[in-house]
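Here's the structure we're looking at; comments come further down.
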Amino acid sequence: MLDKTYRPADVEAKRYDAWENSGAFAANADSNATPYTIMMPPPNVTGSLHMGHALTFTLQDILVRYHRMRGDDALWQPGTDHAGIATQMVVERQLAAEGKTRHDLGRAAFIDKVWQWKAESGGTITRQLRRLGASPDWERERFTMDQGLSEAVAKVFVTLHKQKLIYRDKRLVNWDPKLHTAISDLEVESREVQGHLWHFKYPLENQPDRFITVATTRPETMLGDTAIAVHPEDERYRDLIGGHAILPLVGRRIVIVGDEYADPETGSGAVKITPAHDFNDFEVGRRHQLEMINVLDRDARIIDDAIIPEAYRGLDRYEARKRIVADMEALGLLERIEPHTHMLPHGDRSGMVIEPWLTDQWYCDAVTLAQPAIKAVEEGRTVFVPKQWENTYFEWMRNIQPWCISRQIWWGHQIPAWYGPDGAVFVEETEDAAKAAAEAHYGAPTDLTRDPDVLDTWFSSALWPFSTLGWPNQTKELERYYPGDVLVTGFDIIFFWVARMMMMGLHFMGDVPFRHVYIHALVRDERGQKMSKSKGNVIDPLNLIDEYGCDALRFTLAAMAAQGRDIKLAVGRVEGNRNFATKLWNAARYCEMNGCVPVPGFDAQAVKLTANRWIAGEVAKTAARTAEAIEAYRFNDAAGALYQFTWNTFCDWYLEFTKPILNGDDEAAKAETRATTAWVLDEILHLLHPFMPFITEELREQLGGGTGTGGTGLIRAAWPVFGPEMEDAAAQAEMDWVVRLISTVRTVRSEMNVPAGAQIPMLLKDAGTETARRLDTHRDLILRMARLSSADTTTEPAPKGAIQAVLDEAAVLLPLAGVIDIDQEKARLRKEIDKLSGEVAKIDQKLNNANFVSRAPEEVIEEQRERRATAEAGRAKLTEALARLASA
RNA sequence: GGGCGAUUAGCUCAGCGGUAGAGCGUCUCGUUUACACCGAGAGGGUCGGCGGUUCGAUCCCGUCAUCGCCCA
């Protein structure tokens with residue numbers, strides 16, 4: 001016997017272990033089934049499960065479980081990425097607690113330490129994924145630093161280098177002065193900062209009394225100024241172009257150039273140009289062949305060098321700023337200071353203000369690699385869902401910049417490049433190969449030094465769709481599971497990852513890495529705010545699982561995952577779906593109590609009773625609707641269809657319809673109904689399983705389901721598919737009539753304040769033969785559900801004082817003379833009549849419109865006529881009833 | 001400044017050329033032996049404003065307003 005309520009905590013861990021241990025999650029590369037592949041976006045190894053993970057992995061799990069049930073050979077490839085900077089920071093923090101830095105350990109020992117950390121703490125997120133019920137093929141779990149994946153990285157690097165798609169270049173990078181590494185554009189976030197605009201006067205050469213005013217937000221970089229730019233059309237400065245100014249404090253002669261970058265509307269219209277410390281200035285510098293003078297070191301301090309006036313050497317950038325402003329003021333060269341709000345780049349990991357800095361780095365020619373990736377989406381070989389995200393993808397891909405892939409950290413894939421004593425570079429997959437190349441080059445064995453830098457973590461993530469399958473080896477997995485069917489992720493990762501997988505996949509595999517990219521929403525709090533620790537509005541999915549059960553959380557997320565809209569998660573919704581789980585549990589309990597156990601070989605199409613034929617059709621419709629919705633990534637529609645069918649159709653109506661049968665003495669009818677009920681419940685468990693895997697699996701086992709599936713559980717059971725012959729239109733119309741009759745009586749009773757407990761008689765007047773037959777067939781359940789003492793047809797005029805309502809051609813009479821309040825009934829009838837009159841008038845307005853009648857489709861006009869006739873007939877009946885009441 | 005999206009019941013959201021829907025909340029009634037984490041019923045919306053297309057617009061187009069996000 002089932003417990004009175006479902007207790008998720010007792011079930012979840014046990015169920016999950018059983019699935020995992022039985023190999024239910026495993027793909028089978030040797031099977032004949034159609035492969036279905038999802039590459040799990042590898043969470044950061046330092047991460048822990050947050051709401052965004054909960055959403056994305058729930059949706060992926062729904063897809064995977066669904067396809068598994070459809071008989072596909074489903075591969076959901078799990079793993080984590082090594083998160084270079086984040087992981088290194090975690091371990092460095094541990095060291096700091098011991099008063100050490102990574103330099104105290106040295107590179108090799110530090111890397112050992114990171115691996116040690118990974119072994120101890122790196123499994124957090126994958127453990128938490130199990131609590132979410134995620135069912136990836138854990139046996140195939142990969143880590144981006146695994147040997148195989150690292151070999152893939154080396155191979156890709158060397159190949160791209162030989163193809164000149166990876167090269168070394170001296171460019172401005174986003175330099176993090178705290179972490180001492182370059183970071184990519186994507187790892188930089190702009191934040192609005194209240195700053196100042198300092199207006200400096202630079203004296204013109206040979207005209208000691210004339211000045212040109214420049215405005216800057218960064219006075220300290222003036223030490224590296226090599227030009228002043230004015231707009232070529234700007235009348236104020238036209239004569240100065242080609243002339244020179246003298247850089248105050250430094251005394252350097254700098255040229256005045258005409259360049260459209262200078263905006264005449266901003267500040268004075270003239271800008272100082274520091275090509276080594278500003279991305280825009282860098283471009284101006286390139287256009288005018290300006291000297292690039294680096295004035296900052298890796299800590300963003302002013303360098304200690306002869307080109308810098310002694311007073312500023314070694315100063316922190318902000319200290320230098322103060323001093324320079326003060327000194328300029330002392331010289332009378334500070335024209336004015338105005339408050340200025342602007343966007344400043346910050347490192348997303350360190351939070352430091354990023355310093356554009358001129359360094360040697362490795363670059364990937366993203367511009368070239370992007371072209372096939374753009375084309376693939378244009379041609380629909382990869383389709384984004386919802387489609388509008390393709391714009392975001394195109395926008396970024398068409399304006400892509402060279403990708404700086406080197407990082408000055410230790411944890412990651414060390415760049416496979418070795419340098420000879422003269423700086424010649426040998427890029428090879430192994431040290432031996434590099435030595436051989438060097439020997440060939442120098443004509444003798446030569447000592448080489450390996451490039452100390454490592455690659456951007458996203459470089460290895462970009463290879464995930466094929467490196468995890470064994471590439472560069474031509475494995476059967478690679479053959480079978482590439483390209484994947486769908487990538488599921490949030491929009492914030494389109495640039496970081498989706499775009500780069502597209503580039504690498506196309507380049508190395510010759511095909512897109514996935515056919516669909518489903519972009520889901522961001523999870524926000526119930527007020528629409530982004531969840532963040534600093535705001536304190538973070539909802540921990542694990543807490544929700546503890547409190548409401550995993551299935552409730554999963555179902556909620558699916559039900560709210562409407563396309564193109566963020567999810568504002570309110571805990572109340574999870575609670576509501578916990579109630580749904582309880583409802584299902586109790587329905588199952590009811591089935592159990594009534595002996596509704598699955599009957600082997602049961603054929604839903606062969607049932608005879610109308611209610612059973614009807615529910616079978618409803619099951620078929622729901623199964624089809626759910627499948628269709630899942631396949632279209634309309635998870636909310638799928639969840640909605642299941643919720644409605646389970647709670648409303650099955651629990652509220654079908655189980656109530658059949659109670660009189662189960663309590664009656666027609667044994668054949670009882671047997672059929674028990675079997676049907678058990679079957680419907682079992683189908684519900686199947687359909688809900690991808691969404692609510694735990695409770696469905698638990699119920700199925702406890703109810704002794706699983707007949708015909710060899711007892712391997714719902715997770716391996718077949719998804720229900722039915723033909724159109726399951727739907728019986730006549731049964732549907734009949735049960736629909738029963739529902740409407742009961743609802744009508746209930747409404748009228750409630751409106752007329754008939755006590756809920758009172759059993760009253762009902763008469764159907766003017767009922768046609770079909771209606772009369774239906775009433776006969778279903779009398780027992782109608783009596784029960786409408787709380788009636790009798791239900792008969794009549795041809796007599798309505799008794800005096802009867803309440804009246806209309807149902808199709810018949811009048812529903814509740815003879816309650818003396819019990820009801822006549823005035824109240826009159827008022828009710830008038831209200832109904834007014835409503836119907838309004839409808840008739842509205843339809844007449846349409847039908848009297850010649851344009852409508854001539855231009856609208858025939859079926860629309862016909863529908864309006866029918867609606868009018870129905871409303872008119874109803875109105876006539878109620879008007880008559882009102883007249884009788886008035887005369888009484 | 002450029003782009004994208006949103007605006008529908010008190011709240012959170014579906015829907016989408018031809019009768020405005022759900023869940024939660026509210027109100028009323030209810031120990032009808034599966035379920036009070038429940039059942040029955042009700043109330044509640046000129047579908048952001050203004051134009052246009054159309055026989056017909058919550059839906060399509062334009063515009064404005066407000067809010068949000070991304071990019072500069």
Side-chain angles (χ1 to χ4, degrees), chain A residues 1-2 4-6 185 189-190 279-280 342-343 386 388-392 394-396 399 491-492 494-495 521-522 524 526-530 548-549 552 556 559-594 596 634 636-637 639-640 643-644 647-648 651-652 655-656 659 663 681 742-743 745-759 783-787 838-839 842-843 845-857 859-861 863-864 866-868 870-871:
Chain A
M1 183 68 186
L2 291 172
K4 183 135 193 206
T5 51
Y6 172 59
D185 294 345
E189 51 186 63
S190 291
F279 286 97
N280 289 311
H342 58 132
M343 303 299 281
Q388 75 234 23
W389 288 111
E390 289 180 4
N391 293 331
T392 305
F394 286 138
E395 167 70 16
W396 192 66
N399 296 300
F491 69 85
D492 48 337
I494 292 176
F495 310 134
L522 231 56
R524 301 174 176 282
E526 57 192 308
R527 293 197 311 278
Q529 306 266 324
K530 211 166 163 170
Y548 300 107
T556 304
M560 296 185 81
Q563 288 185 8
R565 192 155 190 154
D566 283 345
I567 294 178
K568 290 185 205 163
L569 186 72
V571 174
R573 299 296 297 257
V574 185
E575 190 184 349
N577 288 314
R578 185 272 319 265
N579 296 352
F580 176 57
T582 307
K583 184 75 181 174
L584 174 66
W585 184 265
N586 280 305
R589 211 163 146 259
Y590 165 85
C591 291
E592 189 183 37
M593 292 167 73
N594 284 280
C596 303
R634 302 182 65 89
N636 59 318
D637 285 350
Y643 185 98
Q644 206 224 326
W647 201 313
N648 302 121
C651 292
D652 290 345
L655 292 184
E656 297 301 329
K659 276 176 183 172
N663 294 328
L681 177 65
I742 293 167
S743 299
V745 175
R746 282 173 172 173
T747 298
V748 173
R749 286 178 63 120
S750 175
E751 280 180 357
M752 297 309 295
N753 300 319
V754 176
Q759 304 217 343
L783 293 179
R784 180 191 168 92
M785 293 179 74
R787 306 286 301 157
E839 194 171 339
K842 219 169 111 187
I843 296 168
Q845 208 180 342
K846 278 190 181 176
L847 290 173
N848 292 336
N849 181 340
N851 278 327
F852 174 71
V853 178
S854 63
R855 299 195 197 198
E859 66 266 23
V860 170
I861 298 169
E863 191 192 321
Q864 296 295 322
E866 275 168 24
R867 280 183 50 207
R868 189 191 185 283
T870 307

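Because only heavy atoms are used, hydrogens play no part in the values below, and waters and symmetry mates are left out as well, while side chains stay in. Here is how names work: the chains are called A, B, and so on, in the same order as the sequence lines, proteins then strands, and each is numbered from 1.
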Would you mind reading off the distance between [X] atom [atom1] and [N] atom [atom2], rounded to a whole angstrom?
X: A:Phe279; N: B:rC71; atom1: CZ; atom2: P; answer: 15 Å
X: A:Arg787; N: B:rG30; atom1: CZ; atom2: P; answer: 12 Å
X: A:Tyr548; N: B:rC24; atom1: OH; atom2: C1'; answer: 13 Å
X: A:Glu866; N: B:rG18; atom1: CD; atom2: P; answer: 17 Å
X: A:Phe491; N: B:rG3; atom1: CZ; atom2: P; answer: 19 Å
X: A:Asn648; N: B:rG23; atom1: CG; atom2: C1'; answer: 11 Å
X: A:Arg573; N: B:rC13; atom1: CZ; atom2: P; answer: 9 Å
X: A:Arg634; N: B:rA22; atom1: CZ; atom2: P; answer: 18 Å

Point to revise | RNA chain B stem ranges, 3 or more consecutive Watson-Crick or G-U pairs under 3.5 angstrom | key: B:1-7 with B:65-71, B:10-13 with B:21-24, B:26-30 with B:38-42, B:48-52 with B:60-64

Check your understanding: Does atom NZ of A:Lys659 have more than 12 heavy-atom neighbours, drawn from other residues, nucleotides or ligands, at distances under 6.0 Å?
Key -> yes

Exercise for review: Heavy atoms under 4.0 Å is the rule here; annotate nucleotides 33-46 of chain B 5' to 3' with B where the base is hit, S where only the sugar-phosphate is, and - elsewhere.
Suggested key: -BB-BSSSSS----

Review point. Under a 4.5 Å cut-off applied to non-hydrogen side-chain atoms, are A:Asn848 and A:Val853 in contact?
Key: no

Review point. Going through the checks in order, is the salt bridge (Lys or Arg N to Asp or Glu O under 4.0 Å) test met by A:Lys842 and A:Glu839?
Key: CA-CA 5 Å; A:Lys842 219 169 111 187; A:Glu839 194 171 339; over 6 Å; no

